Amino acid sequence: MTVFILSFLMLLVGVHGVLTRRNLIKVVISLTIIEFSIFLMLALIGFISGGEAPILDAGISAGRMVDPLPQAMVLTAIVIALATNAMLLTIAIRLYKKYGTFDIRRINELKG
Amino acid sequence: MQRFALFIISYIFWLLLTWSAEPGSIIAGLAVAGLTSVFFGRYFFQNAGKFIQPHRYYWLIIYLFIFTWECIKANFDVAYRVLHPRMPIKPGIVRVRLNLRSPFARTMLANSITMTPGTITVDIVGDNMYVHWIYIVSEDPVEYTREVSGRFENYIKKIFE
Amino acid sequence: MEVMLSVIIGFMIIASITAIYAKDLLSAIIAQGFVGYGLVICFLILRAPDLAIIQIVMETVTLIIMVAVVLDSSREEFDIMPDKTQGVTIAASFLFALVLLIYFNRAISGLDRFGNHTLRMSEAYVTGAAEQTGSANLVAGVLWDFRGYDTLGEATVLFTAAIGVITIIRLVGKK
Amino acid sequence: MKGMSLIVKKMAQLMSGLIFVYGAYIATHGHLTPGGGFAGGALIAGAFILMILANGSGYVRLKRQEEGSSAVESAAVLMALLLATIGLAAGTMVFFNNYLPPGIPGRLISGGVIPLYNVFIGIEVAAALMTIFLALVIYKEEISK
């Protein structure tokens, strides 16, 4: 149960970063940390103590395998995380080119 | 020629990776090695004919032993300098003149010097190589060139040039 | 097992706090890389080699892109000036954290204890999948056979992101 | 973007071909060993990114390369979709049907359509990452002019 609570703490750290930081790159980093904590949570849920990796091989029975379903979900989510990260960073550098800063509040002030 | 050499090397690498003799794997390996030589063959070794000259492999094996021995010696030397209570180090950067012509031989010499404990190659500019050294033995260029690169240079010349 | 995982996740939490509070953006990115590679070790301990491979590769690519972006623009982090509405923000954050905590508690109480997971949904995948799909890697079987729609949508997201990056970032268009 | 020093260039030339072969291995053996199309595609993209980072951007014509990788990406997605649609037409009328014979688990030719999906998704991921990277490099070139 400790590991679940710890990964929830990691999610809270990420949420804190998104809420309090004013730097666009820091906001992207905080979002990445939130994503990581959720991947970790899903992978933790599927684990069986003493289980094997879900790959059939000689001498491994199908009975004691960890759950392959959360792993497949997280596999797709990791790639989506990379894609959204690249998109966010692109928007951030375009904003930097237009306004000359990464500060959200100054970007708000310099409308237009 | 260089494309063919890369084709052979990548095909051997594929066979070692898969380690199976079924026909599907062998045919897929041919396709993958062909793609590799199409994409990267232009940037491989310029004169790949050196791969089929057997005396180079002979010198390579001898060089491996020499390199291992020098590496062990340098390990003990650096360990002595670190564990000694007064730390007898005199670090600095020396400029070593290179006698090797081909770029790959220069790269290999630089890598050998970096892998020996105590010396790190910083950069190669023109015909000179800048090496960071933990204990500079002497300020004389002939002396330190022999000490830093002379141990490896002759063998590397025989292997790669 | 659980103790080892807890220690690694603890280090990851410390690294993420460092990443959020670092004064230099480059060191913030490197601390974020620490979190990502720590996640790789967690996946290896949790018997998920597929996830470990993909996470290590993707983390490296993300770091390359982030470092390129930061070196192109500025890497300074400015001081956080005190806000006029700071009290409201703090109260709202605590409220938000409390709501998250309540829902987390409800979600966690429905789960099995760590390590004693019962395969309710994926029982059929584990027992019958290899014969049905012929794939020895069960994750690949789930990914491409039972849940093909998910994966197709995911490929579409990647495609759209690449097109979007080109569209947003181009300064000089075609004549 | 300038290239790096001679040592990095030579080692990149030596390694990038082998990294490409390893990525192809990961992608094609996705149904037997850990890995699969996504990880293999990212490794293949990594081989090209390594070459561009080491040799500088002068060594490829960036615009043409970007158009090419974007076209390859679209073609790969289209092929994967086509494979899925054939499943709709053949057999039991199910989208994403695995219509090829499953074969013996553990061989390279097994798993029905799964290896083909893995190969095409690998190409798609590699081309998408290359496109993103090249777009950033072109932006950097344009901004420094």
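Naming convention: chains lettered A, B, ... in sequence-line order (proteins, then strands); numbering from 1 in each chain. The structure displayed is predicted, hence computed values, not measured ones.
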At what distance, to the nearest 0.5 angstrom, does NE2 of D:His31 lie from CG of C:Leu138?
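Atom-to-atom, D:His31:NE2 and C:Leu138:CG are 13.0 Å apart.
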Going from CZ on D:Phe133 to CD1 on C:Ile64, what distance comes out if it is rounded to the nearest 0.5 angstrom?
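Those atoms lie 6.5 Å apart.
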Taking side chain as everything from C-beta outward and backbone as N, CA, C, O, which of these in [X] sits under 4.5 Å from a heavy atom of chain D? Side chain, backbone, both or neither.
X: C:Leu51; value: neither
X: C:Glu154; value: side chain
X: C:Ala155; value: both
X: C:Leu143; value: side chain

Please check: side-chain N/O of C:Asn137 versus main-chain N/O of D:Thr33, any donor-acceptor pairing under 3.5 Å?
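Between the backbone of D:Thr33 and the side chain of C:Asn137 there is a qualifying donor-acceptor contact (under 3.5 Å).
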Any donor and acceptor pair, going by atom type alone, linking the side chain of C:Asp50 with main-chain N or O of D:Pro34 inside 3.5 Å?
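Not at all, since once roles are kept as given, no pair shorter than 3.5 Å links the two residues.
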Could you walk me through whether C:Ile65 and D:Ile132 pass the side chain to side chain contact (heavy atoms under 4.5 Å, CB included) check?
CA-CA 9 Å; C:Ile65 293 176; D:Ile132 291 172; 4.1 Å; yes
Step by step, would you call C:Leu158 with D:Glu73 a side chain to side chain contact (heavy atoms under 4.5 Å, CB included)?
CA-CA 10 Å; C:Leu158 189 59; D:Glu73 184 190 359; 5.6 Å; no
Using a cut-off of under 4.5 Å on heavy-atom pairs, state which of C:Val57, C:Ile169, C:Val61, C:Ile53 scores highest against chain D.
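Maximum pair count with chain D is reached by C:Ile169.
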Using heavy-atom distances under 4.5 Å, tell me whether D:Leu43 contacts chain C through its side chain, its backbone, both, or neither.
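Both parts, backbone and side chain.
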Using side chain to side chain contact (heavy atoms under 4.5 Å, CB included), reason through C:Ile168 and D:Tyr139 one step at a time and then give a plain yes or no.
CA-CA 10 Å; C:Ile168 293 169; D:Tyr139 172 78; over 6 Å; no
If you compare all heavy atoms of D:Ile114 against all heavy atoms of C:Gly141, which two are closest, and at what distance to 0.1 Å?
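Looking at all heavy atoms of both residues, the closest pair is CD1-CA, 4.0 Å.
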Does a sphere of radius 6.0 Å around CZ in C:Phe159 hold more than 12 heavy atoms from other residues, nucleotides or ligands, not counting ones at 6.0 Å or beyond?
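Count over threshold, so yes.
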Taking D:Val77, D:Ile49, D:Leu136, D:Ile143 one by one, which has the highest count of heavy-atom pairs under 4.5 Å against chain C?
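Going by pairs under 4.5 Å, I would pick D:Leu136.
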For C:Ile108, side-chain contact (heavy atoms from CB on, under 4.5 Å) partners two or more places apart
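C:Ile108 satisfies side-chain contact (heavy atoms from CB on, under 4.5 Å) with A:Met1, A:Phe4, C:Phe104, C:Asn105, C:Leu111 once adjacent residues are dropped.
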Measuring only between side-chain heavy atoms, which start at C-beta, is C:Trp144 closer than 4.5 Å to D:Val113?
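A side-chain contact is absent here, since even the closest heavy-atom pair is not under 4.5 Å.
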